[in-house]
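The structure appears right after this line, and notes come after that.
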Amino acid sequence: MRRRSIFGTSLAVVVAMGLSACGGGDGGDSGSTTLRVTLVNHVWTENIKAALPEFEKQSGLKVEVTQLGEDQLSDQYNVKLNAGSSDIDVMMYRPLQEGKLFAKNKYLADLTDRAKSDSAFEFGDFQAAPVQATTYEDKVVGIPIITEQEVLYYRKDLLEKSGFSAPPKTLDELKAQAAKVEADNPGVAGFVARTGKAAAVTQFSSFLYSFGGDFVDANGKASVNTEQAKQAYAYYGGLLRDHGPENISTDMSWSEAMAIFTQGKAAFYTEANSLYKNATDPAKSKVADTVGFAAFPAGPAGSKPYNIPSWALGVNDASENKDNAWKFIQWAAGKEQSLAQQKAGVPGARASVWANPEATSTYPKDLAEATTVSTANGVGHDRPLVVKVAEAREIVGQPIVDAITGKDSAASADAANEAFQKFLDDESK
Amino acid sequence: MSTLTTPVTTSPEARPVPPEGSAWSRWANAHRKWLFAAPAMTFVAVLIVIPVVWTGYLSLTDAEGSVRAESEFIGFQNYLDVLRDTDRFWPAVWRTVAFTGVVLLVEVVLGMAIALLLWRPFRGERWVRVAILLPLVATPVAVGMMWRLIFDPNIGMANQMLGWFGIGPQPWLAGQHSALPTTMFIDIWQWTPMVVLILLAGLTSLSDEPQEAALIDGASTWQRFRHVTLPLLMPTVIVAILLRGIDALKTFDILYATKGRGGGSFHEVETLNVYAYGLSFDYNDYGVSSTVLIIFFLIIIGVMWALTYRKKGLER
């Protein structure tokens with residue numbers, strides 16, 4: 001199976017090399033009127049697709065949308081962009097996951113002039129942290145469209161039943177409340193969160209920061225075996241081990257963890273706020289009317305959740321339709337659409353939209369409050385900021401699964417730190 | 001290969017060339033062997049030879065990030081690194097061998113038993129055959145998803161059924177040590193029917209005389225199976241082993257659908273195929289990934305060669 005796909009890749013490369021030799025580089029922006037846009041499965045995408053006819057009418061372009069799951073999207077980019085294919089014009093990508101890799105490989109077109117010269121688009125309106133994540137070597141290579149922060153999802157009814165009037169303010173309280181609720185309700189876990197080695201890293205990051213740690217220290221050295229980091233690993237893994245679901249799997253990403261929460265099998269759940277519709281939509285969730293949201297509980301270093309741009313729009317550098325691609329971004333990331341998206345539950349990156357009370361009027365009130373707190377104290381990354389993020393996540397995620405399965409997480413953190421430092425050294429070569 | 005250079009008219013077996021006809025048709029006639037095979041040969045060259053050669057080339061470079069980025073030729077460094085990697089590579093080899101060995105053994109034994117049961121005509125034979133073939137026609141990814149639900153440690157049917165017999169919940173796919181056996185079970189469930197199909201075809205083509213002769217000589221059922229049926233069927237068994245073995249070595253879909261990237265958090269089900277996939281699609285280490293694939297390719301060719309060699313020996 002795999003062999004066949006790398007053959008496919010290689011073949012595509014060979015063919016593409018032949019073709020580009022004939023075509024000769026960039027070419028002008030003659031610009032087809034058909035624009036090919038690749039998007040991920042997300043609420044944002046559903047909203048944009050619904051609004052597309054308006055854009056097509058006003059621009060005279062025809063937009064072809066390819067929509068894929070996160071992993072399939074990644075694979076698609078790896079194959080097509082590697083081959084220098086021009087059949088993607090606009091691409092939705094994850095600045096923190098693959099942004100550096102794509103920019104380094106020159107897959108992303110330089111949008112600096114287009115973004116900054118466009119007064120109606122008002123590039124200065126975008127929050128600084130997301131813009132930083134979509135900038136590579138001082139060039140704007142993407143426009144951030146979705147931001148997310150980690151918040152605490154909880155079950156109001158279960159807390160009330162156990163005599164708690166408010167959600168936990170600190171991580172110590174979280175542990176105590178999770179234990180009590182679990183004891184009061186057989187069959188319900190106190191706490192659930194992602195457990196997969198790589199998948200858990202982003203949601204674990206807020207725990208790490210709130211304990212006072214980070215993946216890399218101020219000098220750029222690996223720091224996942226500091227005292228703070230060890231405490232964070234032990235806390236996160238311990239909470240899942242002691243108060244998580246029985247027979248806990250170590251492969252859970254958000255969809256599995258969310259399913260446990262929305263099936264009513266867990267009292268607390270830490271997750272990105274951008275996924276809240278999964279918990280509040282009665283069609284998807286059995287606990288839709290009892291779910292509450294709170295700011296990320298404070299650790300020894302305070303409440304320090306991540307606050308990151310999860311998705312951005314970029315233009316494929318090999319696209320022959322860059323002018324029209326920019327037109328699409330102008331519209332999709334413009335003020336009007338950003339406001340509409342935010343009202344529909346997708347937090348964006350525009351400061352003016354956040355300042356507009358109308359934008360969060362449709363949010364659950366406690367979620368809007370929690371998000372405001374997270375945006376204020378947030379840390380701008382939720383994973384190591386490196387080129388080969390997938391590999392780094394597996395390294396720093398190992399102590400998480402070791403803690404969950406009851407192994408010595410401190411020793412595991414030491415081993416992970418050594419491996420991570422080696423990884424950083426290799427990458428900076 | 002004499003047709004390549006020798007004019008066709010001098011070959012004793014050649015048919016007389018019609019005196020009329022254009023130069024093209026004379027040429028085409030002379031080289032018809034090559035002409036007719038050309039489409040297939042082009043196909044093989046474009047889709048198999050070029051990619052394999054390209055992968056072989058990549059395995060000698062330090063290509064990473066993008067295959068279009070500049071990469072250095074580093075000789076056999078990747079091979080040395082990979083063969084010395086006891087962290088991911090050798091465990092993956094071991095898992096690949098264990099997975100293939102176990103599923104192959106169970107599938108052939110089980111497949112043989114079922115094929116023998118279905119050998120003689122009985123009432124409702126057609127329905128039973130259709131039912132047995134059902135797993136075979138299902139998409140492996142869908143099969144993976146289905147079993148993932150059944151084996152879910154908290155809400156899955158498997159644990160519920162164990163509960164009826166008073167057995168506590170098992171972790172199945174979620175367990176660090178139970179994941180690989182569970183995926184083996186899924187593979188066995190899905191692919192035994194194929195072995196049945198092949199063996200059944202072999203059994204129906206056997207003639208009745210040796211069986212009758214053995215019966216008259218007073219051989220027991222077991223003796224007849226062991227000394228008559230099995231030796232006669234051996235070439236078919238080898239074919240089944242060959243086909244299923246290569247497929248089992250290359251299993252990817254079931255493993256990926258049930259445990260995801262990297263074969264789980266502890267790489268519980270990471271076989272060579274899953275490992276190579278991760279190396280190129282997660283790590284973008286195209287050089288190392290190609291190295292693993294070339295080694296894997298050589299292993300498959302080796303196994304194939306050994307089995308066909310054995311089959312030829314049997315047929316003599």
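Throughout, a chain's letter reflects where its sequence line sits, starting with A, and its residues are numbered from 1. A quick note: this is a predicted structure, and the numbers were derived from the prediction, not measured.
- Contact annotation for A:Lys106: neither backbone nor side-chain heavy atoms come within less than 4.5 Å of a heavy atom of chain B.
- Among all heavy-atom pairs drawn from A:Asn82 and B:Val67, the shortest one is OD1-N, 2.7 Å.
- Put simply, the side chain of B:Ser265 never gets that close to the backbone of A:Val401: no donor and acceptor are under 3.5 Å apart.
- With respect to chain B, the highest number of heavy-atom pairs below 4.5 Å among A:Ile248, A:Val389, A:Asp71, A:Thr405 belongs to A:Asp71.
- Residues of residues 185-198 of chain A lying under 4.5 angstrom from chain B, judged on non-hydrogen atoms, are A:Thr195, A:Gly196, A:Lys197 in numerical order.
- In this structure, chain B has a heavy atom under 4.5 Å from the side chain of A:Glu394, while its backbone stays farther away.
- Only the side chain of A:Lys388 comes within less than 4.5 Å of a heavy atom of chain B; its backbone N, CA, C and O stay farther away.
- Using a 4.5 Å cut-off between heavy atoms, B:Asp282 contacts chain A through both its backbone and its side chain.
- Heavy-atom pairs under 4.5 Å with chain B peak, among A:Asp75, A:Leu101, A:Val387, at A:Asp75.
- Residue B:Met41 qualifies as enclosed at atom CE: its count of foreign heavy atoms under 6.0 Å is above 12.
- Within 6.0 Å of OH on A:Tyr136 lie more than 12 heavy atoms contributed by other residues, nucleotides or ligands.
- Heavy atoms closer than 4.5 Å to chain B are found nowhere in A:Ile400, neither backbone nor side chain.
- Between atom CZ of residue B:Arg148 and atom CD of residue A:Glu256 there is a gap of 5.0 Å, rounded to the nearest 0.5 Å.
- The shortest side-chain heavy-atom distance between A:Asp251 and B:Phe266 does not fall under the 4.5 Å cut-off.
- Heavy atoms of A:Tyr77 lying under 4.5 Å from chain B are absent altogether.
- When atom types are taken as modelled, the side chain of B:Arg68 and the backbone of A:Asn105 share no donor-acceptor pair closer than 3.5 angstrom.
- Looking only at heavy-atom pairs under 4.5 Å with chain A, the residue among B:Ala179, B:Gly65, B:Pro171 that has the most is B:Gly65.
- Within 6.0 Å of CD in B:Glu72 there are 12 or fewer heavy atoms belonging to other residues, nucleotides or ligands.
- Looking only at heavy-atom pairs under 4.5 Å with chain A, the residue among B:Asn159, B:Asp152, B:Asp285 that has the most is B:Asp285.
- Of all residues in residues 254-264 of chain B, those placing a non-hydrogen atom less than 4.5 angstrom from a non-hydrogen atom of chain A are B:Tyr256, B:Lys259, B:Arg261, B:Gly264.
- Neither the backbone nor the side chain of A:Glu98 comes within less than 4.5 Å of any heavy atom of chain B.
- Few gaps surround NZ on A:Lys407; more than 12 heavy atoms of other groups in view lie less than 6.0 Å from it.
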